[in-house]
K.L.:
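What follows is a structure written as structure tokens; I'll ask about it next.
Note: hydrogens, waters and symmetry copies are ignored here, and every other heavy atom, side chains too, is used.
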Amino acid sequence: MSLDVSKINNKNPGFRFSWLFPRITVMDRYIATQLIPPFLFGVGAFSSVGVSIGSGLFLMRKLAEANLPWVIAAKVFILQLPLYIAYALPISVLLGALLTYGRLSSDSEIIALRSCGVSIYRLVMPAFIVSLIVTGITFIFNEAVVPAAQYEARLTLDRALNEDRKDFQDTNIIVPEFREVKQENGEKVSVLSRLFYAEQFDGEKMKKLTILDRSQAGLNQIVTSESARWNQNENTWDFFQGTIYLVAPDGSYRNIMRFDRQQLQLPRTPLDLASKNRDYAEMNIVQAQEQLELIRFSGDEKKIRKLMIRIQQKYAIPFACVAFGIVGAALGTRPQRTSKATGFGICVLVILAYYLLMVVGDGLGLSNVLSPWMSAWLPTLTGLGIGVLLLVRAR
């Protein structure tokens with residue numbers, strides 16, 4: 001199919017407006033319809049390769065080594081497919097724009113359109129609009145489908161490989177709490193109010209606990225206990241087989257009390273923190289923000305910054321579709337023919353560069369050189385900058 005450029009000229013109403021607010025023209029519909037086939041081809045190809053390498057080989061090994069049932073393996077394989085489709089969407093935008101504009105350029109249709117007064121910016125507008133639509137699809141897919149599918153895949157595989165494993169379990173649960181204290185000079189400083197430590201959480205009970213409580217002025221206490229369970233009815237902790245040490249302000253023991261069962265009014269934050277053990281890929285933005293509020297109590301700055309970066313990446317990665325769409329269109333408008341093999345090669349190189357920037361951004365963000373926002377958006381903003389630069393040079 002070729003575009004009849006005789007129908008596109010400066011008198012066309014679609015070109016009387018700025019390229020920023022164009023009307024939909026024959027050219028727009030034509031380029032958009034040309035973008036769809038290679039885009040869908042890329043989604044199928046990249047997601048198939050990704051899920052086969054990333055999940056298929058692992059499941060085949062479990063089938064052979066752990067006698068994993070075929071039905072479970074097939075279910076896990078299907079549940080992990082949405083993750084690789086989400087990965088494939090931005091890459092497919094790049095491939096679709098690259099092949100479509102490359103074909104238009106090799107068939108001299110780009111030259112014909114430019115001779116009619118169509119600017120290079122106006123030419124890439126269909127790719128930009130399509131990439132925005134795919135950005136929205138990617139964001140919704142990453143929020144509504146991928147986390148739930150990944151979480152269900154992990155639970156299904158865990159139950160099949162080890163039926164006695166609890167859904168929630170953790171070790172070395174440390175939850176510090178702080179309060180602000182006003183100094184004599186009027187400055188406010190944060191001091192430790194309470195420190196909660198549990199050696200293990202099996203999904204039902206905390207085990208081997210030690211609590212240092214400095215929340216009451218003039219009264220410090222240390223609580224040790226073999227186990228503890230959250231009492232849902234009374235919103236308290238039930239401690240079992242333990243000892244309470246009351247410490248005087250001068251550091252001497254004021255009293256020692258042993259107990260078989262004791263209720264203490266403590267926050268349920270340790271339980272929430274131990275139960276929220278989903279991986280980053282298994283949480284949407286709302287769940288990740290809830291997890292962030294919980295781990296703020298831990299005071300682990302590195303873990304907090306890492307989760308803040310992951311939350312920002314959930315916004316930034318879908319917009320990679322826009323960056324890849326502009327880069328692909330700009331590269332495709334060059335006067336040379338781009339085959340599917342060449343397009344795949346360029347896509348692989350661009351993706352490798354993108355994920356290399358992600359690694360660099362993670363490192364700079366975790367080391368506090370960049371803010372979490374900047375470290376997460378670094379690859380996408382770099383891609384957008386390169387795309388705009390390529391368009392300016394093409395113009």
K.L.:
Between Ser119 (side chain) and Arg122 (backbone), is there a donor-acceptor pair under 3.5 Å?
P.N.:
yes
K.L.:
Report the distance from atom CD of Gln80 to atom CD of Gln150, rounding to the nearest 0.5 Å.
P.N.:
5.5 Å
K.L.:
Not counting sequence neighbours, which residues clear side chain to side chain donor-acceptor pair (under 3.5 Å) with Thr380? List them please.
P.N.:
Tyr354
K.L.:
Can you list every salt bridge (charged side-chain N to carboxylate O under 4.0 Å, His left out) pair that touches residues 60-73, not counting sequence neighbours?
P.N.:
none
K.L.:
What's the verdict on side chain to side chain contact (heavy atoms under 4.5 Å, CB included) for Leu79 and Lys75, showing C-alpha distance, side-chain angles and the deciding distance?
P.N.:
CA-CA 6 Å; Leu79 287 171; Lys75 180 180 178 180; 4.0 Å; yes
K.L.:
Is any NZ, NE, NH1 or NH2 atom of the basic residue among Glu226 and Lys207 found under 4.0 Å from an Asp or Glu carboxylate oxygen of the other?
P.N.:
no
K.L.:
Looking at side-chain heavy atoms only, is the closest gap between Leu266 and Phe239 below 4.5 Å?
P.N.:
yes
K.L.:
Would a distance-only check, ignoring hydrogens and angles, find a side-chain to backbone donor-acceptor pair under 3.5 Å from Ser115 to Ala112?
P.N.:
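Yes; at least one donor-acceptor contact below 3.5 Å.
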K.L.:
Go through the structure and list residues passing side chain to side chain donor-acceptor pair (under 3.5 Å) with Ser371, not counting sequence neighbours.
P.N.:
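Ser371 satisfies side chain to side chain donor-acceptor pair (under 3.5 Å) with no residue once adjacent residues are dropped.
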K.L.:
Asn142 pairs by side-chain contact (heavy atoms from CB on, under 4.5 Å) with which of Val145, Ile140, Thr138?
P.N.:
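Of the listed residues Val145, Ile140, Thr138, the side-chain contact (heavy atoms from CB on, under 4.5 Å) partner of Asn142 is Thr138.
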K.L.:
Quick one: does Leu209's side chain get under 4.5 Å of Phe196's, heavy atoms only?
P.N.:
yes
K.L.:
Please walk me through it: do Ile211 and Arg194 pass side chain to side chain contact (heavy atoms under 4.5 Å, CB included)?
P.N.:
CA-CA 7 Å; Ile211 296 95; Arg194 184 183 292 115; 4.1 Å; yes
K.L.:
Are Glu109 and Tyr30 close enough that a side-chain donor and a side-chain acceptor fall under 3.5 Å?
P.N.:
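Yes - a donor-acceptor pair under 3.5 Å links their side chains.
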K.L.:
Within the side chain of Ser225, is there an N or O that forms a donor-acceptor pair under 3.5 Å with the backbone of Phe240?
P.N.:
yes
K.L.:
Working to the nearest 0.5 angstrom, can you tell me the gap between Tyr151 OH and Leu155 CG?
P.N.:
4.5 Å
K.L.:
Remaining members of Ile309's ILVMFWY cluster at a side-chain heavy-atom cut-off under 4.5 Å?
P.N.:
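The other cluster members (ILVMFWY side chains, heavy atoms under 4.5 Å, direct or chained) are Leu366.
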K.L.:
I'd like to know if Tyr355 and Leu349 are part of one continuous hydrophobic network [Ile/Leu/Val/Met/Phe/Trp/Tyr, side-chain heavy atoms within less than 4.5 Å].
P.N.:
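No; Tyr355 is not reachable from Leu349 via cluster members.
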K.L.:
Name all pairs fulfilling the salt bridge (charged side-chain N to carboxylate O under 4.0 Å, His left out) condition that reach into residues 233-248, sequence neighbours left out, sorted by first residue then second.
P.N.:
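Found Asp238-Arg261.
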K.L.:
Answer yes or no: is there a side-chain heavy-atom contact under 4.5 Å between Phe39 and Val134?
P.N.:
yes
K.L.:
Do Leu123 and Arg114 come within less than 4.5 Å of each other through their side chains, counting heavy atoms only?
P.N.:
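Counting from C-beta outward, Leu123 and Arg114 do come under 4.5 Å.
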K.L.:
With a 3.5 Å distance limit and no angle check, can you tell me whether Thr382 reaches the backbone of Leu378 through a side-chain donor-acceptor pair?
P.N.:
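Checking the backbone N and O of Leu378 against the side chain of Thr382, a donor-acceptor pair under 3.5 Å is found.
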K.L.:
Rounded to the nearest 0.5 Å, how far apart are CD1 of Ile120 and CD1 of Ile110?
P.N.:
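Answer rounded to 0.5 Å: 6.0 Å.
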K.L.:
Which ILVMFWY residues can you reach from Val286 by hopping between side chains whose heavy atoms are under 4.5 Å apart?
P.N.:
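Same cluster as Val286: nobody, lone residue.
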K.L.:
Do Ile137 and Val93 belong to the same hydrophobic cluster, where Ile, Leu, Val, Met, Phe, Trp and Tyr are linked whenever their side-chain heavy atoms lie under 4.5 Å apart, directly or via other members?
P.N.:
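Both belong to a single hydrophobic cluster.
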K.L.:
How about Met257 and Gln262: do any of their side-chain heavy atoms sit closer than 4.5 Å?
P.N.:
yes
K.L.:
Nearest 0.5 Å please: distance from the NZ atom of Lys314 over to the CG atom of Asn284.
P.N.:
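That separation rounds to 7.0 Å.
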K.L.:
Run the numbers on Val223 and Thr210 for side chain to side chain contact (heavy atoms under 4.5 Å, CB included), then give the verdict.
P.N.:
CA-CA 6 Å; Val223 181; Thr210 301; over 6 Å; no
K.L.:
Apply the test side chain to side chain contact (heavy atoms under 4.5 Å, CB included) to residues Phe324 and Ser92: give CA-CA distance (whole Å), side-chain angles for both, the deciding distance (0.1 Å), then the verdict.
P.N.:
CA-CA 9 Å; Phe324 289 165; Ser92 301; over 6 Å; no
K.L.:
Take a 6.0 Å sphere around OH of Tyr87 and say whether it holds more than 12 heavy atoms from other residues, nucleotides or ligands.
P.N.:
no
K.L.:
Any non-hydrogen side-chain atom of Tyr280 less than 4.5 Å from a side-chain atom of Gln313?
P.N.:
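Result no, sub-4.5 Å side-chain heavy-atom pair not found.
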K.L.:
Enter the distance from Asn231:CG to Thr236:OG1 here, rounded to the nearest 0.5 Å.
P.N.:
4.5 Å
K.L.:
Following the transitive rule for hydrophobic clusters with a side-chain heavy-atom cut-off under 4.5 Å over Ile, Leu, Val, Met, Phe, Trp and Tyr, establish whether Leu104 and Ile36 coincide in one cluster.
P.N.:
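Per the 4.5 Å side-chain linkage, Leu104 and Ile36 are co-clustered.
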K.L.:
Hey, is the main chain of Phe128 close enough, under 3.5 Å, to the side chain of Ser131 for a donor-acceptor pair?
P.N.:
yes
K.L.:
One thing to verify: whether Arg305 and Asp362 come together as a salt bridge, which I'm taking to mean a side-chain N less than 4.0 angstrom from a carboxylate O.
P.N.:
no
K.L.:
Can you confirm whether Met125 sits close enough to Ile31 that some side-chain heavy atom of one is under 4.5 Å from a side-chain heavy atom of the other?
P.N.:
no
K.L.:
Do Met283 and Pro147 come within less than 4.5 Å of each other through their side chains, counting heavy atoms only?
P.N.:
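Side-chain contact under 4.5 Å: no.
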K.L.:
As an exercise, state the distance from CZ of Phe141 to CD1 of Ile85, rounded to the nearest 0.5 Å.
P.N.:
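Spacing of CZ (Phe141) from CD1 (Ile85) equals 4.5 Å.
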K.L.:
Are Leu307 and Val369 connected in the hydrophobic side-chain network, where two residues link if heavy atoms are under 4.5 Å apart?
P.N.:
yes
K.L.:
Assigning hydrophobic clusters by single linkage (Ile, Leu, Val, Met, Phe, Trp, Tyr; side-chain heavy-atom cutoff under 4.5 Å), is Met60 placed with Ile72?
P.N.:
yes
K.L.:
Between Ser106 (side chain only) and Arg103 (backbone N and O only), is there a donor and an acceptor less than 3.5 Å apart?
P.N.:
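Present.
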